[in-house]
Amino acid sequence: VTFTRANLLIGARQMVHYVNAHGLLPHAIRAHNTDCGPGELLLVLAQAVAAKSLPDRVTVEPTAVVPECAAMPSASPV
């Protein structure tokens, strides 16, 4: 999954809003044209922080979907 700088910032903002509203991580996130799970977004955020500057693009390997979570109503992208 490749994130542009804009997708990374939007995804991070969506995750924070979801956690603040619901008290748990979202099952899926849609940031512009990038669909991902919270694990992928957290990995890419960690890579961006480790780089000490926000890169134009960051790529991470897709993480596995937990089958029980995929069937939950909240699994649709926020």
Side-chain angles (χ1 to χ4, degrees):
V1 179
T2 300
F3 291 83
T4 64
R5 182 181 298 164
N7 292 355
L8 179 62
L9 294 172
I10 289 169
R13 185 178 66 182
Q14 287 176 344
M15 187 179 293
V16 167
H17 286 295
Y18 192 91
V19 168
N20 287 339
H22 302 285
L24 49 95
L25 290 174
H27 294 83
I29 299 161
R30 175 170 289 150
H32 285 303
N33 60 349
T34 303
D35 292 335
C36 67
E40 293 159 338
L41 183 59
L42 291 170
L43 285 171
V44 79
L45 287 169
Q47 287 183 13
V49 169
K52 297 186 181 176
S53 66
L54 222 54
D56 291 331
R57 292 187 177 276
V58 180
T59 301
V60 293
E61 291 296 318
T63 57
V65 175
V66 178
E68 303 85 46
C69 293
M72 297 174 96
S74 59
S76 60
V78 291

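These numbers come from the heavy atoms of this one structure, side chains and all, not from hydrogens, waters or symmetry mates.
Between Val16 and Val19 there is no side-chain heavy-atom pair separated by less than 4.5 Å. Here the side chains of Pro38 and Met15 are in contact, with some heavy-atom distance below 4.5 Å. Gln14 has its side chain out of reach of Pro26: every pair of non-hydrogen atoms, C-beta onward, lies at least 4.5 Å apart.
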Tyr18 and Leu24: CA distance, side-chain angles, deciding distance, side chain to side chain contact (heavy atoms under 4.5 Å, CB included) verdict: CA-CA 7 Å; Tyr18 192 91; Leu24 49 95; 3.8 Å; yes
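Under the 4.5 Å side-chain heavy-atom criterion for Ile, Leu, Val, Met, Phe, Trp and Tyr, Leu25 and Val1 are members of the same hydrophobic cluster. Clustering ILVMFWY residues whenever any of their side-chain heavy atoms sit less than 4.5 angstrom apart, transitively, puts Ile10 in a cluster other than the one holding Val44. Hydrophobic clustering places Leu9 together with Val60 (ILVMFWY residues linked when any side-chain heavy atoms are closer than 4.5 Å, directly or through intermediates).
In this structure, Arg57 places its CZ atom where only 12 or fewer heavy-atom neighbours from other residues, nucleotides or ligands lie under 6.0 Å away.
Contact detail for Leu41 and Cys36: the closest heavy-atom pair is CB-SG, 4.2 Å. In plain terms, the two heavy atoms of Glu61 and Glu40 that are nearest each other are O-CG, 4.2 Å. Contact between Leu8 and Ala48 at its shortest, heavy atoms only, is CD2-CB, 3.8 Å.
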